[in-house]
Amino acid sequence: MQHTGALAVWALCLIQLAFGQTIDDGGITVDATSGTVAPAVEEVAPDSAASGVEYLDYETAQLTPDVVANLTSHDLTDVELFDFGDEDAAAVASRKRATNYGQPDCKTFPGDLSWPSTIHWKLLNILTGGALIKAVPTAAPCYKSWPQYNAVTCDDITAKWTSPKFQLSQPVGIDFPLFEGVSCMPPTVAPPNSNCTLGGTPSYVVKVRNVAQIQLAVNFARNLNLRLNVKNKGHDFNAKSTGAGSLSVWTNFLQDIQYLGPSYSKDGHKGPAFKVGAGVEVMQMYEAADALNLVVVGGIGRTVGLGGGYIAGGGHSPLMSTYGLGADQVLSMEVVLPNGRFVSVDEKSYPDLFFALRGGGGGTYGIVTSLVIRAYPKTPVTTLTYTFGTGPNITNSTFWQGMDVIWSSFPRLADTELYAYWSIGCASGGSECSFSMGPQWANNMSTSQLKAQYEPVFAQLADLDIAVSNVTYIEYDGLKNAFDHTLPANTESVGGFTFHTASRLFPRANWEDPAKLKKQSAAIHDAIMQTGYMIGYNFKSGTNPAVNQKNAVNPAWRNTLCHGMFGAAWNLDSTPTEIAAANKRLVEIVQPLRDVSPGAGAYMNEADINEPDWQQSFYGSFYDRLYGLKQRYDPWGLLYADTAVGSEDWYITDQIDYFPTQNGRLCRK
Ligand SMILES: Cc1cc2nc3c(=O)[nH]c(=O)nc-3n(C[C@H](O)[C@H](O)[C@H](O)COP(=O)(O)OP(=O)(O)OC[C@H]3O[C@@H](n4cnc5c(N)ncnc54)[C@H](O)[C@@H]3O)c2cc1C
Ligand SMILES: *[C@@H]1O[C@H](CO)[C@@H](O)[C@H](O)[C@H]1NC(C)=O
Ligand SMILES: *[C@@H]1O[C@H](CO)[C@@H](O)[C@H](O)[C@H]1NC(C)=O
Ligand SMILES: *[C@@H]1O[C@H](CO)[C@@H](O)[C@H](O)[C@H]1NC(C)=O
Ligand SMILES: *[C@@H]1O[C@H](CO)[C@@H](O)[C@H](O)[C@H]1NC(C)=O
Ligand SMILES: *[C@@H]1O[C@H](CO)[C@@H](O)[C@H](O)[C@H]1NC(C)=O
Ligand SMILES: *[C@@H]1O[C@H](CO)[C@@H](O)[C@H](O)[C@H]1NC(C)=O
């Protein structure tokens with residue numbers, strides 16, 4: 001880069017100003033927890049948010065135009081590394097910057113002449129108050145090729161590898177490494193003869209503790225044509241929160257929760273509400289609400305980030321049949337835009353972004369730092385679990401007749417505002433199958449009330465001589481304890497790469513026509529015969545007059561009674577070619593399910609990265625509008641994630657069909 005010399009002098013000057021000493025040219029070693037105050041921060045008043053809700057503590061530390069003016073007053077001519085972006089000028093400017101030494105229109109990659117020098121990174125580290133981390137693969141201590149090699153540490157990492165709590169505590173930890181590229185796994189769970197490389201892992205991570213740090217990272221990445229990536233908990237099934245050569249914004253630690261009182265009113269709505277940091281986990285939120293005799297709409301993964309990918313993607317929940325999806329609960333948001341500015345987003349301020357950020361996908365339009373969400377009165381919960389399966393008295397064809405009984409109960413149960421999470425497993429060529437309800441979930445119902453709803457199902461199964469086992473009703477005081485007991489922490493196991501799932505949202509219309517339902521049942525049967533397994537849900541997207549449901553949630557969600565997930569699996573020693581073949585087969589296995597639900601869709605957060613026509617499947621009729629908003633707010637293509645809106649304009653180099661990874665250079669098509 002031409003200006004590196006002048007910049008380096010300026011940067012050193014600034015470092016000396018900040019700390020009164022020059023810092024060595026080694027790696028970035030400043031401890032991100034040291035809490036040094038960044039020079040590039042202005043404290044703003046908590047009550048200056050346009051949303052009308054006071055900023056959380058970490059939101060008052062901002063990169064304001066005044067701060068940037070102070071930085072750029074150091075005679076910087078045209079290298080304005082931390083300057084804000086201008087969308088209108090972007091088309092021209094981003095083309096100019098993208099001329100990248102033989103790699104036209106690619107994001108700058110490590111090793112490129114234009115890759116930021118160590119001094120640039122040090123500068124970013126200083127201005128963020130020591131929040132920058134040079135990325136090292138989580139399992140690097142297991143490999144002699146890394147200076148971090150340490151057998152004892154490796155044993156510890158290996159023992160914790162499948163825990164989502166462990167992965168989310170690591171700067172570049174993600175739950176599902178498959179579509180990252182499986183670049184560095186602990187040897188016991190790695191492909192044979194594996195090495196450890198950064199692969200599709202970011203190059204640097206900003207461990208965010210305040211809004212200014214996000215803004216600095218956004219401006220730095222945009223101005224230097226770097227790939228930017230947002231990671232909250234790293235739960236995404238399709239590795240959407242990682243990427244080779246990227247600067248990663250890690251929002252995990254934005255964990256404040258503020259109760260806004262029992263009668264918070266906004267845009268005509270009145271009732272209990274919380275302001276929730278983007279890094280708050282579902283379980284944390286359930287606990288905070290429970291302590292106030294309240295509940296919020298969240299999912300069944302306890303470590304999922306409520307305000308990250310969950311709400312951005314739609315968010316299904318045990319409460320959704322009553323109150324709508326996670327995305328329907330939002331009253332306002334605070335967001336760092338791709339241009340670096342920090343704004344409030346609600347029905348009046350940036351209403352178009354308010355639409356997109358609720359259901360239009362994570363890591364696409366901006367970086368959310370907090371959200372105001374509705375809460376509701378806590379009610380008792382009753383759950384029901386049971387199983388049935390083939391056996392001496394139940395043939396596989398009787399089993400599937402039993403499944404027809406289950407399918408046909410879905411409209412009635414969803415309309416009674418119930419929610420169910422269940423699975424079907426088949427083995428031995430389809431001769432042995434079992435169904436497991438785990439659980440049928442009833443809000444504000446006692447055992448006798450739930451029995452009244454469910455006994456007709458058991459009676460019909462009995463008519464087929466299907467005996468159900470382990471029928472268990474349990475009553476709880478509320479959602480938190482029901483969740484805690486039904487879906488305990490140790491049931492969440494992550495970190496593997498030998499399976500992959502696809503999703504389908506089956507439309508209610510299929511239940512309104514017996515011929516369609518029959519076709520759907522047959523297609524599901526045939527898919528399970530090939531995959532051996534299905535995980536499913538029964539629910540509906542509740543109509544909630546107390547919230548604004550005019551958001552970007554995939555319209556397929558509004559009509560569904562069942563979300564089904566189907567998987568492909570392979571072995572630790574399967575080659576990339578074999579994995580690609582299994583992925584291709586999954587696309588083919590799911591095709592009949594698409595065919596019996598034309599115009600419906602899939603849940604982007606739990607879907608197949610290889611989904612054909614994903615724009616329609618994940619976003620439905622909103623796609624064109626969302627694409628327009630993406631162009632308007634991010635003409636730079638700063639935020640990229642596979643299958644995110646606008647991602648079809650980009651590609652990653654060195655890929656094989658049906659096994660896309662984040663291990664390559666990101667380039668514009
Ligand atoms: C064990 C488990 C259980 C689950 N249960 C449910 C469930 O019950 N219901 C349900 O609907 N889903 C469920 N999911 C899916 C879950 O909603 C998605 O994986 C979701 O994307 C996770 O979000 P995250 O922020 O935790 O993950 P991340 O991987 O960190 O982020 C996911 C995406 O959102 C983006 N993103 C993250 N934070 C921000 C931010 N602050 N601003 C802008 N973009 C951001 C990322 O860039 C990425 O594209 C479950 C997942 C797991 C692993
Ligand atoms: C800008 O710099 C001046 C002089 O050092 C300082 O007094 C002022 O507080 C700075 N303003 C901001 C917003 O950082
Ligand atoms: C790992 O590195 C060794 C030595 O460089 C090489 O022989 C081997 O093929 C590599 N393994 C993989 C899976 O790339
Ligand atoms: C099968 O049916 C017979 C006759 O009705 C009964 O005695 C037996 O207990 C049943 N077995 C199982 C496993 O249900
Ligand atoms: C029952 O299992 C056999 C294999 O034993 C399989 O051929 C048949 O298709 C299965 N029937 C159904 C209805 O699944
Ligand atoms: C729960 O049910 C009771 C009685 O059926 C009803 O009065 C109450 O309004 C319900 N609560 C909620 C939050 O729906
Ligand atoms: C019923 O539950 C018990 C105890 O949880 C378990 O051991 C058994 O396998 C279950 N039976 C069936 C048929 O699932």
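Just so you know, these numbers use all the heavy atoms, side chains as well, and skip hydrogens, waters and symmetry mates. Both counts, for ligands and for their atoms, begin at 1 and track the order of listing. It should be emphasised that the depicted structure is a prediction, and the values quoted were computed from it without experimental measurement.
- F176 has its ring centre no less than 6.0 Å from the ring centre of F497.
- Note: W422 and W407 meet the aromatic proximity criterion, with ring centroids under 6.0 Å apart.
- When ring centroids are compared, F566 and Y533 stay outside the 6.0 Å threshold.
- Each of the following atoms of ligand 5 lies closer than 4.0 Å to a heavy atom of M529: 14 (O).
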side-chain contact (heavy atoms from CB on, under 4.5 Å) between R632 and D352, intermediate numbers included:
CA-CA 10 Å; R632 173 151 170 219; D352 50 0; 2.9 Å; yes
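- For ligand 5 and W400, the ligand atoms under 4.0 Å from any heavy atom of the residue are 13 (C), 14 (O).
- A donor and an acceptor atom, one from each side chain of D236 and S241, are nowhere located under 3.5 Å apart.
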Given side chain to side chain donor-acceptor pair (under 3.5 Å), test E432 with T390 step by step and report yes or no.
CA-CA 6 Å; E432 290 168 26; T390 53; over 6 Å; no
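- Geometric assessment of R358 against the ring of F354 yields a positive cation-pi assignment under the 6.0 Å and 45° thresholds.
- One distance of note links CG of D57 with CG of N210; it measures 11.0 Å at 0.5 Å rounding.
- Centroid-to-centroid, the aromatic rings of F237 and F499 stay 6.0 Å apart or farther.
- Heavy-atom minimum distance, A414 versus N538: CB-ND2, 3.9 Å.
- Here F399 and F388 bring their ring centres to under 6.0 angstrom of each other.
- Near ligand 6, Y323, T379, N444 each place a heavy atom less than 4.0 angstrom from the ligand.
- When each atom of ligand 5 is checked for a heavy atom of H525 under 4.0 Å away, the hits are 12 (C), 13 (C), 14 (O).
- Every protein residue with a heavy atom nearer than 4.0 Å to ligand 1 is included here: F176, V230, K231, N232, K233, G234, H235, D236, F237, K240, S241, T251, A278, G299, I300, G301, V304, G305, G308, G309, Y310, G315, H316, G362, G363, G366, I367, V368, E492, Y603, N605, E606.
- Proximity of the aromatic rings of F539 and W557 is defined here by a centroid distance below 6.0 angstrom, and this criterion is met.
- Considering both main-chain and side-chain atoms, S397 never comes within under 3.5 Å of ligand 5 through any nitrogen or oxygen pair.
- For ligand 5 and G430, the ligand atoms under 4.0 Å from any heavy atom of the residue are 1 (C), 2 (O).
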